[in-house]
Amino acid sequence: MAGCSVVIRIMLIGAWLWQIVRGSEKYDERGLLDSYFYGNAFEEIHNPRTGKLYDVSLPANLSGVKVSFVRLRARNLWRSGANHSLFVIPPSVLPFPFAKRVDLVYQNLGNRSSNYYSVPDYKFVAPVVGFLAYDSNKSSINYGFIELKLMGDDPIIVRFPDIFVEENGMKCVRFDANGTIELSYVEAKNSCFVRRQGHFSVVVPYYQENKDKVVIINKWWMIVGIACGVVGLIILIVVIFVAYKWIKRKRIKKMERQTERNEGLDTIWIGRSRMPSAACVRTQPVLENSYLP
């Protein structure tokens with residue numbers, strides 16, 4: 001028994017370590033993907049104009065993924081913020097560590113979102129989008145990843161215009177570079193309010209999907225039940241009407257047959273009453289006694 005217990009413990013520890021390794025590999029894969037996007041933009045776009053948004057071309061194995069790039073001056077970012085792609089960055093934002101010029105890389109993973117990101121017990125109803133900031137003075141060999149610090153009260157707005165149906169239980173999700181997941185409420189017009197850069201999406205719990213299916217099935221059954229009830233009521237009314245007509249007709253025929261078996265009588269009006277009257281009398285009256293006084 002002791003040997004079996006040790007084996008079970010070793011198996012559990014091995015499974016736990018395997019999950020950690022797989023998780024770390026996934027985080028590393030995300031980091032490599034982010035570095036690849038920025039490196040591709042850095043190598044493709046030479047001497048970019050400040051404030052101009054560029055689309056970055058990607059290989060065929062990343063079809064469906066969209067990446068764009070813009071270079072901004074820190075003072076312009078502080079004064080006016082940035083409104084590109086699906087993100088609205090408010091004014092009063094500073095890069096940390098400070099950099100005179102900031103490169104922003106916008107990502108939309110599209111139909112490949114679930115290949116790199118997932119939320120336990122939730123499913124995506126929008127693609128994973130993200131933006132990351134880099135120090136533009138760093139060389140292409142050593143990309144300088146920096147943070148954006150919001151010094152004001154206004155948040156960063158992440159818009160999801162492709163969500164056409166609002167579902168109950170929708171949540172905004174933010175994926176941090178260290179692998180943590182943050183959930184928050186969806187704001188008006190299918191937007192998420194955040195205060196840090198990263199990757200974002202909108203999710204709903206799996207049970208909500210099953211609940212919606214049950215509601216749809218119940219609605220269909222209700223409609224079918226009402227329709228069947230209306231049809232059944234119409235059929236019942238028709239049957240009752242036909243039966244009534246048949247019984248009435250049967251009674252009339254019975255009365256006609258009874259009349260044919262009996263002798264017909266004339267009718268006369270006495271006042272306002274209609275009375276039967278015989279045309280003749282079969283038996284003549286005979287006096288019992290011939291004596292006449």
Side-chain angles (χ1 to χ4, degrees), residues 27 29-42 44-45 48-58 62 64-74 76-99 101-110 112-113 116-117 124 126-136 138 143-152 154-163 172-182 184 186-187 189-203:
Y27 302 147
E29 188 177 2
R30 297 175 189 173
L32 292 174
L33 188 66
D34 295 335
S35 299
Y36 172 77
F37 288 154
Y38 182 53
N40 202 26
F42 197 89
E44 179 181 340
I45 305 168
R49 292 178 54 185
T50 303
K52 182 180 179 180
L53 186 68
Y54 295 89
D55 291 330
V56 180
S57 59
L58 297 173
L62 289 174
V65 179
K66 297 180 181 179
V67 176
S68 54
F69 165 87
V70 64
R71 176 166 292 177
L72 300 173
R73 290 188 176 90
N76 292 337
L77 190 61
W78 172 263
R79 293 174 182 173
S80 306
N83 187 355
H84 300 101
S85 186
L86 303 175
F87 302 90
V88 179
I89 302 175
S92 303
V93 174
L94 286 176
F96 182 84
F98 182 78
R101 288 182 176 83
V102 177
D103 292 340
L104 295 180
V105 179
Y106 299 103
Q107 307 174 15
N108 185 339
L109 299 183
R112 298 182 180 272
S113 299
Y116 301 98
Y117 294 90
F124 291 115
V128 173
V129 298
F131 78 98
L132 299 174
Y134 299 87
D135 185 352
S136 61
K138 297 291 183 179
Y143 303 130
F145 180 76
I146 58 177
E147 287 283 351
L148 295 180
K149 297 292 185 180
L150 276 66
M151 310 305 293
D154 295 332
I156 299 171
I157 301 175
V158 186
R159 296 172 295 194
F160 294 94
D162 295 332
I163 303 177
C172 293
V173 57
R174 175 182 174 272
F175 300 94
D176 199 282
N178 60 7
T180 59
I181 297 174
E182 300 174 2
S184 60
V186 176
E187 303 295 337
K189 297 182 180 180
N190 294 331
S191 299
C192 297
F193 293 171
V194 298
R195 299 194 65 84
R196 294 184 62 188
Q197 60 186 347
H199 294 82
F200 313 91
S201 186
V202 177
V203 295

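Using a 4.5 Å cut-off on side-chain heavy atoms (C-beta onward), Phe193 and Ser184 make no contact. Contact check for Asn40 versus Val67: no side-chain heavy atoms found under the 4.5 Å cut-off. Using a 4.5 Å heavy-atom threshold, the side chains of Pro97 and Asp135 count as separate. Counting heavy atoms from C-beta outward, Leu148 and Ile156 have side chains that stay 4.5 Å or more apart. For the pair Tyr116 and Val128, the minimum side-chain heavy-atom distance is 4.5 Å or more. Between Phe37 and Val56, every side-chain heavy-atom pair lies at or beyond the 4.5 Å cut-off. Counting heavy atoms from C-beta on, the side chains of Trp78 and Ser92 come closer than 4.5 Å. Using a 4.5 Å heavy-atom cutoff, the side chains of Pro161 and Leu86 are in contact.
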Exercise answer: donor-acceptor pairs, residues 194-201 side-chain atoms, under 3.5 Å, sequence neighbours excluded:
unit_1, atom_1, unit_2, atom_2, d
Arg195, NH1, Asp153, O, 3.3
Arg195, NH2, Gly152, O, 2.8
Arg196, NH1, Asp176, OD2, 3.4
Arg196, NH2, Glu147, OE2, 3.3
Gln197, OE1, Ala133, N, 2.8
Gln197, NE2, Ile146, O, 2.6
Gln197, NE2, Glu147, OE1, 3.4
His199, ND1, Tyr117, OH, 3.2
His199, NE2, Asp34, OD1, 3.3
His199, NE2, Gln107, OE1, 2.9
His199, NE2, Tyr117, OH, 3.4
Ser201, OG, Ala126, O, 2.8
Ser201, OG, Pro127, O, 3.4

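Between Phe131 and Tyr106, the ring planes lie tilted relative to each other; the angle falls in the 30° to 60° range.
A donor-acceptor contact shorter than 3.5 Å is absent between the side chain of Ser80 and the backbone of Leu77.
Atom CG in Leu72 sits 9.5 Å away from atom CG in Leu53 (nearest 0.5 Å). To the nearest 0.5 angstrom, Tyr38 atom OH is 11.0 Å from Leu132 atom CG. Here the SG-CG distance, from Cys172 to Asn190, works out to 9.0 Å after rounding to the nearest 0.5 Å. Note that the CG atom of Leu150 and the CG atom of Leu94 stand 9.5 Å from one another [nearest 0.5 Å]. Expressed to the nearest 0.5 Å, how far OG1 of Thr50 lies from CG of Asn76 amounts to 8.0 Å.
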Might you work through the side chain to side chain contact (heavy atoms under 4.5 Å, CB included) test for Ser68 and His84, ending with a clear yes or no? CA-CA 9 Å; Ser68 54; His84 300 101; over 6 Å; no
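Atom CZ of Phe96 has 12 or fewer neighbouring heavy atoms from other residues, nucleotides or ligands inside a 6.0 Å radius.
Shown here are the side-chain contact (heavy atoms from CB on, under 4.5 Å) partners of Tyr54, two or more places apart in sequence or in another chain: Ile45, Pro48, Arg49, Lys52, Phe69.
In terms of heavy atoms, Val202 sits closest to Val173 at N-CG1, 4.4 Å. Closest non-hydrogen pair, Ser136 versus Arg71, comes out as CB-NE, 3.5 Å.
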